[in-house]
Amino acid sequence: MGMGERWAMNTDLLRLVQWLSPAFPTGGYAYSHGLEWAIAQREVADARSAGRWIGDVLRFGAGRTDAILLAHALRGADLLALTRALFPSAERRMESETQGAAFATAAGVDPQPLVLAFAQAARTLSVEHETVVALYLYSFAANLCSAATRFVPLGQTEGQRILGDLHPLIGTLARDATVASLDAIGSAAFRGDLASMQHETLDVRIFRT
Amino acid sequence: MNLPPSSLRRLEHSQGEAHVRMKLQSGATRLADLRQQGSAKAILPRVGGVPEVVFLNTSGGLTGGDRLDLSLALEGGCHAVATTQTAERAYDSGGSEAVVAIRHSVGQDGWLDWLPQETILYDGSSVTRSTEIALTGRAGCLMLEMVVLGRAAMGETVGRLAFTDRRSVLRDGVPVLIDPLSFGDEAIAAGAGSAILGGARAFATLAMVGPGAEDTLDVARGALDILGVEAAASAFDGKLVVRMLSHDGWPLRRQVAKVLNAMRGRALPRVWQI
C-alpha cells in the first residue's frame, strides 16, 4: 500500500470516528434506549448491573440486530421496511428515526432510521465493514455507558471500565454480523423492549427514550 | 426391529398440515375449503357471530424432526378468529429441530384474530417457528404469542433451548411488523438479567395491526393490572404492541385474557379455558 492510499484510508477512518462522536449533531445524549426506566426502578443501580444491562442489550437485543442490519446495508441491501417493521415500541422508533434524520442532515445523506443513514454515509468509505460495524456498536454502547455514568450515577472511571469491558463482545458481534443472514436477526432482550414501553409513562423523564 | 429409545424417537417424528380457506357468502364468513393431513387438524365449532377456526396437533407435542404447517386464508371482507385446541408442548428434541410454519392471509377489509394458546418449551427443546399474517389493503389483525419455559409448578427448569420464533405481519407484501424472538442456551443462561427476562418464565406479545389499532392504547393499558404480571403497551405506525411477562404461565394467561377482553369487547375463543 502506497503512502497516498494509506492516507486516504486513514481519513476515511477519521470521518467514521467523527460521525460517531458525541459531538456530531446526532443528538444521542437525549436517548437512553429504556435504560432510564431501568435506573428509575433501581434495577440498574451500580456499575455491575449497568454493565450487564448494556451488555445484554448489545448481545441479545438491538446491538446485535443493528449490527446485522448495518452489515447488510453496507453491502447495498434495501432494508427500510424491514428496519421500521423491527421497531419494538414508539420510543425506539423515535430514537432511531429522529437521530437518523439529524445524522442525515449533518452527514448529507437521506433521512431514514439511524442505522441505515449511517450505512448510506459509510458505504462511500474504504473501511472494512467489520470495523464500521464495531465502531457503530461502540458508539451505541458508549452512549448508554455515558447515560449510566450520569444518572445511576457512576464514577467516570467506573463508567469507562464498563465500556472497556464490552470491547471483546463488540468485536465478536461485529465479526459475526458480517457473515450473518438477515434471518439470523432475533432478540431475547424482552425486558429491554418492555423498558422502552414503560418509559413512555414514566412520570419524571430526563431522556426522550 | 430393536432400536434404542433415542432412535425410535427420531423415526417417529410427525408431520401435519391443515389449510383452511373462508369466503364471504351473503354477508357472512363461511368455510370455502379445508385440507388437512397427518397430525394437523382444523375444526370449526358452531359459534354465534364471528366464526372460529381451531387448529390442533394430534401428535401430542413437538419434538425433533416434526413439521407442522397451518394456514387460514380469509377472502375479502371475512372476519374470523383462529386459535389452537390446547397449549403446544415442545419436548426434548433429541438433537434435531421441529419446524412450524403458520401462514395466514386476510383479504381487503377483513380481520383475523390469531389467538393461539401458549407454547410450553421443555428443557432441550428445539423449535423454529415462523408466523406470518399477510394483510391486503385495509385488512387488520390481532396476533398473540405466549411462551412458557417449562412448568414452574412441576419444578422444571430450562437450561438447554433452541427457540426461534419469528412473527411477521405484512401489508400488500411489505413487512409492517416483525417480532423475531431468539432464545438459545446463552440467552436462557442470561435470562435472569433485567434486560432479558428478569428471571420470568412466561412471556407474551400481543400485536394489533390495522385500522383503529393505535386508538386502542388506553383501553389496553387500562387492562394491564393482573398481580404478578409486568406489562406495558405502545402504539405507533398503525400498530398496538403489548408485552407481558410473569413468573409462571397462569397469571400471564389471566392477563392475556383480560387485555384481550378489553380490546376485543367480546368473549375469548371457546376452547380457552380460563
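Protein chains get the first letters and strands the later ones, always in sequence-line order, with residue 1 at the start of each.
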Trainee: Decide yes or no on side-chain contact (heavy atoms from CB on, under 4.5 Å) for A:Leu58 and A:Leu137, but give the supporting numbers first.
Mentor: CA-CA 8 Å; A:Leu58 276 173; A:Leu137 288 176; 4.2 Å; yes
Trainee: Identify which part of A:Thr201 has an atom lying under 4.5 Å from any heavy atom of chain B, answering side chain, backbone, both or neither.
Mentor: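 Side chain only.
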Trainee: State whether the side chain of A:Thr98 and the backbone N or O of A:Met94 hold a donor-acceptor pair below 3.5 Å, judged by distance alone.
Mentor: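 Side chain of A:Thr98 to backbone of A:Met94, a donor-acceptor pair under 3.5 Å: yes, one is there.
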Trainee: Please classify the contact of B:Ala233 with chain A as side chain, backbone, both or neither, using a heavy-atom distance under 4.5 Å.
Mentor: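 Contact with chain A is through the backbone of B:Ala233 alone.
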Trainee: Based on non-hydrogen pairs under 4.5 Å, which of B:Leu170, B:Asp165, B:Leu181 is most in contact with chain A?
Mentor: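 Winner by heavy-atom pair count: B:Leu181.
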Trainee: Who among A:Ala189, A:Ala85, A:Gly186, A:Ser196 has the most heavy-atom pairs with chain B under 4.5 Å?
Mentor: A:Ala85
Trainee: Let me know if B:Val174 has heavy atoms under 4.5 Å from chain A in its side chain, its backbone, both or neither.
Mentor: side chain
Trainee: Show your working on side-chain contact (heavy atoms from CB on, under 4.5 Å) between B:Trp272 and B:Leu260 and close with a plain yes or no.
Mentor: CA-CA 12 Å; B:Trp272 275 54; B:Leu260 279 174; 4.1 Å; yes
Trainee: Could you check whether any side-chain heavy atom of A:Glu43 comes within less than 4.5 Å of a side-chain heavy atom of A:Arg191, counting everything from C-beta outward?
Mentor: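 A:Glu43 vs A:Arg191: side chains touch.
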Trainee: Any donor-acceptor pair under 3.5 Å linking the side-chain atoms of A:Gln99 with those of A:Thr26?
Mentor: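 No, no side-chain donor-acceptor pair sits under 3.5 Å.
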Trainee: Tell me, side chain or backbone of B:Ala231 under 4.5 Å from chain A's heavy atoms, or both, or neither?
Mentor: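 For B:Ala231, the backbone is the part near chain A, not the side chain.
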Trainee: Side chain, backbone, both or neither: which part of A:Arg52 has a non-hydrogen atom closer than 4.5 Å to chain B?
Mentor: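 Interface part for A:Arg52: side chain.
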Trainee: For B:Ala204, is it the side chain, the backbone, both or neither that has a heavy atom under 4.5 Å from a heavy atom of chain A?
Mentor: backbone
Trainee: Is there a side-chain contact between B:Trp114 and B:Thr131, using heavy atoms and a 4.5 Å cut-off?
Mentor: yes
Trainee: Name the member of A:Ile54, A:Val57, A:Asp193 that forms the most heavy-atom pairs with chain B at distances under 4.5 Å.
Mentor: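 When all of A:Ile54, A:Val57, A:Asp193 are compared, A:Asp193 has the most.
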Trainee: Would you say that B:Ile133 contacts B:Val106 through its side chain, given a criterion of any heavy-atom pair below 4.5 Å between the two side chains?
Mentor: yes
Trainee: Would you say B:Glu97 and B:Thr128 are linked by a side-chain donor-acceptor pair, where the criterion is simply a distance under 3.5 Å?
Mentor: yes
Trainee: State, without any angle test, whether A:Ser49 and A:Asp46 hold a side-chain donor-acceptor pair at a distance under 3.5 Å.
Mentor: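 Distance-only check passes for A:Ser49 and A:Asp46.
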Trainee: Select one option (side chain, backbone, both, neither) describing which atoms of B:Ala235 are under 4.5 Å from chain A's heavy atoms.
Mentor: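 Looking at B:Ala235, just its backbone touches chain A.
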Trainee: Can A:Arg208 and A:Glu91 be said to form a salt bridge (Lys or Arg N to Asp or Glu O under 4.0 Å), step by step?
Mentor: CA-CA 8 Å; A:Arg208 297 185 71 188; A:Glu91 289 199 346; over 6 Å; no
Trainee: Heavy-atom pairs under 4.5 Å with chain A: which of B:Ile188, B:Leu197, B:Val242, B:Val169 has the most?
Mentor: B:Leu197
Trainee: Quick check on the interface: out of A:Gly61, A:Ala188, A:Gly192, A:Ala184, who has the most heavy-atom pairs with chain B under 4.5 Å?
Mentor: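 Of the options given, most contacts go to A:Ala188.
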Trainee: Pick one of side chain, backbone, both or neither for B:Thr164, based on which atoms fall under 4.5 Å of a heavy atom in chain A.
Mentor: neither
Trainee: Output the option from B:Ser234, B:Ala195, B:Pro175, B:Ala232 having the highest count of non-hydrogen pairs under 4.5 Å with chain A.
Mentor: B:Ala195
Trainee: When you measure from the side chain of B:His104 to the backbone N and O of B:Leu72, does any donor-acceptor pair fall under 3.5 Å?
Mentor: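 Confirmed, B:His104 side chain pairs with B:Leu72 backbone.
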Trainee: Determine the option with the most heavy-atom pairs under 4.5 angstrom with chain A, choosing from B:Asp237, B:Thr205, B:Asp179.
Mentor: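 Heavy-atom pairs under 4.5 Å are most numerous for B:Asp237.
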Trainee: Between A:Ala81 and chain B, with a heavy-atom cut-off of 4.5 Å, which part of the residue counts as in contact: side chain, backbone, both or neither?
Mentor: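 Contact with chain B involves both backbone and side-chain atoms of A:Ala81.
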Trainee: Pick one of side chain, backbone, both or neither for A:Phe190, based on which atoms fall under 4.5 Å of a heavy atom in chain B.
Mentor: both
